[in-house]
Amino acid sequence: MEEPMTTQENAMDKFDFLLGDWDMEYNIPKSSMSEPGTGTASGTFKRFLDDKYVTFDYSDSPAEGQGQAHAIFVWDQKAKLYRYWWFENSGNFDQATCNFLSDNALFLNWHGSLLVQSFRAVEADKSIMRMEHPTPEGEYELVMEVIFTRK
């Protein structure tokens with residue numbers, strides 16, 4: 001059984017597999033939510049404010065339209081889970097709660113939708129983010145997959 005987190009710094013150590021600069025390739029399959037597409041982006045995960053927070057800064061390629069976003073993760077000691085806020089330069093924003101179900105595997109539940117998102121390390125310098133949506137059959141359909149390769 002996993003030992004409970006006792007300090008915020010220990011809780012934020014779980015993000016180590018995501019820290020750093022990343023090149024990103026994303027694939028959007030045809031789904032009930034969108035038409036198919038692909039694209040590229042770059043992003044950086046880093047700690048700040050005495051390692052109490054992890055931020056993610058995202059920018060897609062100029063060909064994609066220069067979408068930018070800023071995200072913040074924090075450990076909520078009282079609720080014993082991570083909180084996540086996502087802000088886009090379009091003015092859209094959302095929040096999620098999340099937790100690590102195993103080492104190097106972070107799962108998010110978005111508050112404004114039924115979307116489920118995960119980040120999983122598959123190699124030392126490669127992680128995969130998947131966004132999924134439930135189907136009427138009780139399964140999940142992939143709506144986006146992003147391959148993160150460390151720069």
Can a donor-acceptor pair be found, under 3.5 Å and without considering hydrogens, that links the side chain of [X] to the backbone of [Y]?
| X | Y | result |
| --- | --- | --- |
| Asp76 | Lys78 | yes |
| Asn89 | Gln68 | yes |
| His111 | Thr97 | yes |
| Tyr82 | Ala11 | yes |
| Arg150 | Leu19 | yes |
| Lys126 | Glu123 | no |

I would like to know whether Arg47 and Asp13 meet salt bridge (charged side-chain N to carboxylate O under 4.0 Å, His left out); could you show each step before the answer? CA-CA 10 Å; Arg47 294 180 188 225; Asp13 286 348; 3.0 Å; yes
Restricting to non-hydrogen atoms, name the atom on [X] and the atom on [Y] that form the minimum distance, rounded to 0.1 Å.
| X | Y | answer |
| --- | --- | --- |
| Leu142 | Glu145 | CD2-CB, 4.2 Å |
| Ser127 | Leu18 | OG-CD2, 4.2 Å |
| Gly43 | Met24 | N-SD, 3.7 Å |
| His133 | Leu114 | NE2-CB, 4.1 Å |
| Asp94 | Gly112 | OD1-N, 3.5 Å |
| Pro29 | Asn27 | CD-O, 3.6 Å |

CG-CG distance between Asn99 and Leu106, expressed to the nearest 0.5 angstrom: 8.0 Å
Phe100 and ring-ring contact (aromatic ring centres under 6.0 Å, His included): which single residue from Phe15, Trp75, Phe119, Phe73 fits? Phe15
Between Lys46 and Asp21, is the closest basic N to carboxylate O distance under 4.0 Å? no
Are side-chain N/O atoms of Gln117 and Trp110 paired as donor and acceptor at under 3.5 Å? yes
Heavy-atom side-chain proximity of Lys52 to Val74 below 4.5 angstrom: no
Give the cluster check for Met33 versus Ile28: same hydrophobic cluster or not, with ILVMFWY residues linked at side-chain heavy-atom distances below 4.5 Å. yes
Apply side-chain hydrogen bond (donor to acceptor under 3.5 Å, both in side chains) to Glu25 and Thr38, showing your working. CA-CA 7 Å; Glu25 292 181 38; Thr38 60; over 6 Å; no
